[in-house]
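Written out below as structure tokens is the structure these notes cover.
Chain letters run A, B, ... following the sequence lines, proteins first, then strands; residues in each count from 1.
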Amino acid sequence: MRYSEMFLPTGREVPSDAELISHQLMIRAGLMRKLTSGVYSYLPLGYRVIRKFEQIVREEMNRAGAQELFLPMVQPAELWQESGRWVHYGKELLRFRDRHDRECCLGPTHEEVITDLVRNEIKSYRQLPRNLYQIQTKFRDEIRPRFGVMRCREFGMKDAYSFDMDEAGSEISYRKMFDAYQRIFTRCGLNFRPVEADSGSIGGKYSHEFMVMADSGEDAICYCGACNYAANLDKAEISRPAENGPACVTPPIEEVNTPGVRTIDEVCGFLGVVPEAVVKTLIFSADGTPVAVLIRGDQEVNEIKVKNFLGCDLLELADDAMIRKVTGSPRGFAGAVGIKARIIADYSLLVMADCVMGANREDFHLLHVKPGRDFLIADHADLRVVRESDPCPRCGAEIRFARGIEVGHVFKLGTKYSKAMRAAYLDREGHERTMVMGCYGIGIGRTVAAAVEQNHDADGIIWPLPLAPYPVIITPVNVNEKALFSAAEDLYNALEANGMEVILDDRDERAGVKFKDADLIGIPYRVTVGPRRLAEGKMEIKTRRSGEVIALPVSEVAAFLKDLVLRT
RNA sequence: CGGGGCGUAGCGCAGCCCGGUAGCGCGCCUGCUUUGGGAGCAGGAUGUCGAGUGUUCAAAUCACUCCGCCCCGACCA
């Protein structure tokens, strides 16, 4: 393509509303433009990158035995009512009514539609397993879109759904997708890591997220330096302590006056104790029922773990009214002794035998409280947020923290949707059985943004070759020098004849301008056609990533480039 | 939704406190010179100052309302 004919608006100014470097560069390099909050247009150059990535995704999905289809974006409310998500999905689901006043929504994901399709068409074990996928636009009315295409409302996603006869089959399907994802992100040249994850509102048994490592990533992950354990911080497990508490003699409970002392810090300062000796009592509302969660004073409750442990739909910190109801006191003095709520405790309580906690009485705390003696704990569980000092739950080695961008997620759904929507088949014996499902997503635009986040320098984007919109740009230094320009054109024609995607920067601009633009848009190889080298019968090839320059005889350039580009 | 910030030319911004003339840099158009890392000179075009209402002889500037965008918290590919 001739640059002069391209729709490629580049800019030298950093857009004022872009925070992340990938967002800034994607705007400056003319890859995309914002239409409205969380909604973006891809320009020709950006769309090329998108299509490159989609092609890699397609190839690997097909290789893994999945089949591509295309599902509707507009979906009827009935399906969502059937799965139960019409109520549970919340405001992210964009709902509207058509002219007949029928309730509809824009698909934020497609479990309902695919399950409906499959249950209508697949009736026999002979037709299983199946894995169906699509690359489609999703709409999620995000609370707060940000970071450009990284977290937007309308976005492209590859979503795949597997249907198996049983759990064992589903495990195999899951593994295939896991492996396909490894290949996809490896082919893109990304530094990534699969981590164990919480399955969130999509539901299901367990899942892995694929994280592109980036300090700017929204997700915190931890991983083990010794074994291959890695998990989202929300999910990271903490082992149950080995010992069952110190065998000390705990003095009887003592109630002390602590006027206005509410927080752990204040309690420690007032009573002269360390946070490790204090028990924090948090009152949660689990689907409206109060639950007291106990944890050591220096530690933090992981609400996702609490939610999963309780199996509730909505978990939030209790309001003042509920706190007063179960503790008989205002916020800040809750404790386990005499509380009118179910008590669950983090494992950290197992080894506490003489602790400080709220007295459920305004301006009072208790000393020398012993769990088991002074109150009963219904359940102990892993309920806290991991810390860097925690050992790896698998091998006990040191754990490390990092940040990442979630570009893919694989879920084992079990029978959550197939049961609710009655997706069943007849087995060999003629018995009706429920299909076992899995679902597998990849954020298309987000992966591209993550690639930019991970591959750029002060001059702009550095595309990994497999994602590059064009692998090569030819830059004649002066288009007004006939011999020079026609040498550039000859090379351009030769490469195009070879089926290569190449830009000829035929603009009547100064060389510096063209170099800056070529760097900004991140083309991996730039051929500079200038008078000095051409006088020697040579052209220069500059590698964007390394900055390395080599000069080759004009006659060898085309073959050399073809080799470079096809080698990968 | 709660908290904070911003809206003036295609982009980045100044002007607003203290009301009276809309400005700078980049980009864009024309011409000449220039041509290996964002050229120089000369000339030129471009604005319902986010929208509405009010105060005033007079509003980008003051007041109120609304809208949009961005950032910090609860969601997820």
Under 3.5 Å between N/O atoms: give me all the protein pairs with nucleotides 11-16 of chain B, atom names plus distance.
| residue | atom | partner | partner atom | Å |
| --- | --- | --- | --- | --- |
| G12(B) | OP1 | Ser16(A) | N | 3.1 |
| G12(B) | OP1 | Ser16(A) | OG | 3.1 |
| C13(B) | OP2 | Ser16(A) | OG | 3.4 |

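- Within the 4.0 angstrom heavy-atom criterion, only backbone atoms of the sugar-phosphate kind lie near Gly408(A); the bases stay farther away.
- Put simply, Thr447(A) has no side-chain N or O that comes within less than 4.0 Å of OP1 or OP2 on A77(B).
- Here, C72(B) and G25(B) have their P atoms 34 Å apart, quoted to the whole Å.
- Checking the phosphate oxygens (OP1, OP2) of U35(B), no side-chain nitrogen or oxygen of Lys514(A) falls inside 4.0 Å.
- Straight-line distance from the CD atom of Glu536(A) to the C1' atom of G36(B): 13 Å, rounded to whole Å.
- Within residues 515-527 of chain A, the residues approached by RNA chain B to less than 4.0 Å at the level of any non-hydrogen atom are Phe515(A), Lys516(A), Asp517(A), Asp519(A), Arg526(A), in residue-number order.
- Look at Arg510(A) and you won't find any side-chain N or O under 4.0 angstrom from OP1 or OP2 of G36(B).
- Across the P atoms, A42(B) and C26(B) are found 13 Å apart, a figure rounded to whole Å.
- Residue Lys34(A) is classed as a sugar-phosphate contact, given heavy-atom separations below 4.0 Å to backbone atoms only.
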query = Once each nucleotide of nucleotides 46-52 of chain B is scored for protein heavy atoms under 4.0 Å, what B/S/- sequence comes out, 5' to 3'?
reply = -------
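- Note: His208(A) and Tyr174(A) have tilted aromatic rings, judged against thresholds of 30 and 60 degrees for the angle between ring planes.
- At least one side-chain heavy atom of Glu481(A) sits less than 4.5 Å from a side-chain heavy atom of Pro531(A).
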Taking only N/O atoms, report every protein-nucleotides 41-45 of chain B pair under 3.5 Å with atom names and distance.
none

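- No donor-acceptor contact under 3.5 Å links the side chain of Arg146(A) to the base of C70(B).
- Electrostatic pairing of Arg183(A) and Asp179(A) does not count as a salt bridge here, judged by no charged N lying under 4.0 Å from a carboxylate O.
- As rounded to the nearest Å, G10(B) and G27(B) have P atoms that lie 16 Å from one another.
- Distance His208(A) NE2 to C76(B) C1': 18 Å, rounded to the nearest Å.
- Between G54(B) and G68(B), the distance separating the two C1' atoms is 22 Å to the nearest Å.
- If you take CG of Leu20(A) and P of C72(B), they are 9 Å apart, rounded to a whole angstrom.
- Using a 4.0 Å cut-off between charged nitrogen and carboxylate oxygen, Glu536(A) and Arg533(A) count as a salt-bridge pair.
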Please write out each protein N/O paired with an N/O of nucleotides 27-31 of chain B under 3.5 Å, distance rounded to 0.1 Å.
none

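- Checked options Arg403(A), Arg144(A), Arg146(A); the residue passing with Glu218(A) is Arg146(A) (criterion: salt bridge (charged side-chain N to carboxylate O under 4.0 Å, His left out)).
- At a threshold of 4.0 angstrom between heavy atoms, the contacts of Glu481(A) with the nucleic acid are absent.
- Comparing Glu142(A) and Gly530(A) by the nucleotide of RNA chain B that holds the closest heavy atom to each, the one mapping nearer the 5' end is Gly530(A).
- Here, G47(B) and A22(B) have their C1' atoms 9 Å apart, quoted to the whole Å.
- Remark: P of A77(B) and CZ of Arg153(A) are 18 Å apart, rounded to the nearest angstrom.
- Contact annotation for Thr528(A): base contact, defined as any heavy-atom pair under 4.0 Å involving a base atom.
- Taking only side-chain nitrogens and oxygens, Thr36(A) comes nearer than 4.0 Å to OP1 or OP2 of C69(B).
- Atom CD in Glu154(A) sits roughly 17 Å away from atom P in A77(B) (whole-Å rounding).
- In this structure Asp457(A) satisfies the salt bridge (charged side-chain N to carboxylate O under 4.0 Å, His left out) test together with Arg544(A), sequence neighbours excluded.
- With hydrogens and angles ignored, a donor-acceptor pair closer than 3.5 Å exists between the side chain of Lys542(A) and the base of G37(B).
- Of the two residues near RNA chain B, Thr10(A) and His409(A), the one whose nearest nucleotide lies more 5' is Thr10(A).
- Closest to the Arg532(A) side chain, of the nucleotides A39(B), C76(B), G36(B), is G36(B).
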